[in-house]
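Have a look at the structure below before the remarks.
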Amino acid sequence: MSTSPIHDFLTKYADSGTVRCHMPGHKGKENPADITEISGADSLFESDNGGGIIEQSERNAARIFRSYKTLYSCGGSTLAINAMLALAKLNSGKSEVIAPRYSHRAFISSCIHLGLSPVWVYPDEFLSAKVSAENIERLITPNTAAVFITSIDYYGGMCDIEPIARVCKRHGVPLLIDNAHGAYLAFCSGGLHPLRRGAAMCADSAHKTLPVLTGGAYLHIADKKFAPDAKEAMSIFGSSSPSYLILDSLDKFNALYMSDPDIIERVCGMLDMLKAALKAKGVPLYDSDRMRVTLDSLSAGSSGISTAEILRQNGIECEYADAARCVLLFGAYTTAEDIKRVYEVLTSRDIFPKATGVSALKFARVEKALDPREAFYLPKELIDINKAVGRICAGITAPCPPGVPLIMPGEIISAEAVRQLRALGVKYIQVLL
Ligand SMILES: Cc1ncc(COP(=O)(O)O)c(C=O)c1O
């Protein structure tokens, strides 16, 4: 069987000289690989058991990730998260989902779409993936549909998934992992991919850490009971015209990995050495996963935003920076020259200029008045953030990155929440009338 059935088909079609009396309207002139579900191609949400090119390619992906089943998404992890939560609700008939407070906005939109109630676990730190099995277990009730954990977090922190998976198993609750930042974990040493740690399902953005076009992602299924309805669950949220350019890109990664299984470990090895060299030079690093270098600017008396600005002036653009940290994200195509350049800039410039009055964000606990779905569909207005204390939040205010809402629809906006939102540059917020 081909290692790149989608790519093979697209190449053959582009070379065939066929007159394209079908969508899309650019007739292959924008990009010859951009097709739709023509004869011989496949339809993303109907591809199961037909033996077509998408099914073959998804099977290749399942093989390299070692999942029971893998589905492609052309709508990022967002679509995979929507589908994963729909499957949890469909299989349990229940409506509560236990999740860390710093979940991505994709989780909240799923709650709005599906009428799920989030039950929050509060990690100690802003954006942190680190939640404990004990804290999760305390919150499990007979109405728990799933536990939903984000790991890797935006700073590169990781959750110890295995003990949480054991708790979930004991209570018969599926563990769903938002692994948007960790698709690459399947291809390097350490066995840290959520599928190896006991997750029932996980959503991986291929485009964040693998050489895949933006929008390419996977829904991986380990627990067989979720497989039969998975395509249907994806289809209720996804476009009926998924991008073949993204499918092609996902397909090509399977072939690339099969022909060069060290491709990810090689770059992780170079990054391990970079981090060791930076530490030896006294550069303060946050303890991140292997694909990131997270500069702990706050501990050096500076701010992550100032560090990012200096890097920019020196030809390095970071993935994310906030008051505390600056995150550099690498990938399979990062070269030894790129890493050398990063090392030179980080060690030869003052990347931590003194900053005063900087503190790390930490979100205060807020009171809930309504579930996100109820609040989202009630009449609302947009008001000045300075006038929002005491009002009920009605929308998702989540500057991106990291796309993590500090206040959710249905919550009462506190003075502390206003302070934090202003610190993130938010000027207006939607509230209930
Ligand atoms: C933790 C987390 N989950 C989910 C998403 C959504 O991923 P995607 O952009 O692939 O839809 C993101 C995006 O940044 C994210 O950071």
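Whatever order the structure lists them in is the order used to number ligands and atoms, beginning at 1. For the numbers below, each heavy atom of this structure counts, side chains included, while hydrogens, waters and symmetry mates do not.
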Going by the atom numbers of ligand 1, which of them fall below 4.0 Å from some non-hydrogen atom of T150? 1 (C)
Is there side-chain contact between T294 and C326, with at least one heavy-atom pair below 4.5 Å? no
Ligand 1 to H207 polar contact by distance, N or O atoms, under 3.5 Å: yes
Provide the number and element of each atom of ligand 1 under 4.0 Å from a heavy atom of A180. 2 (C), 3 (N), 4 (C), 5 (C)
For the residue pair K380 and Y377, would you count it as a cation-pi contact if the rule is NZ or CZ under 6.0 angstrom from the ring centre and within 45 degrees of the ring axis? no
Identify whether the distance between the nearest side-chain nitrogen and carboxylate oxygen of D289 and R292 falls below 4.0 Å. yes
Test your reading of the structure: does S205 have an N or O sitting under 3.5 Å from an N or O of ligand 1? yes
Do the ring centers of F187 and F253 come within less than 6.0 Å of each other? yes
Ligand 1 contacted by R105 (non-hydrogen, < 4.0 Å): no
Part of A217 within contact of ligand 1 (heavy atoms, under 4.0 Å): neither
Cationic N near anionic O, under 4.0 Å, R341 to E337: no
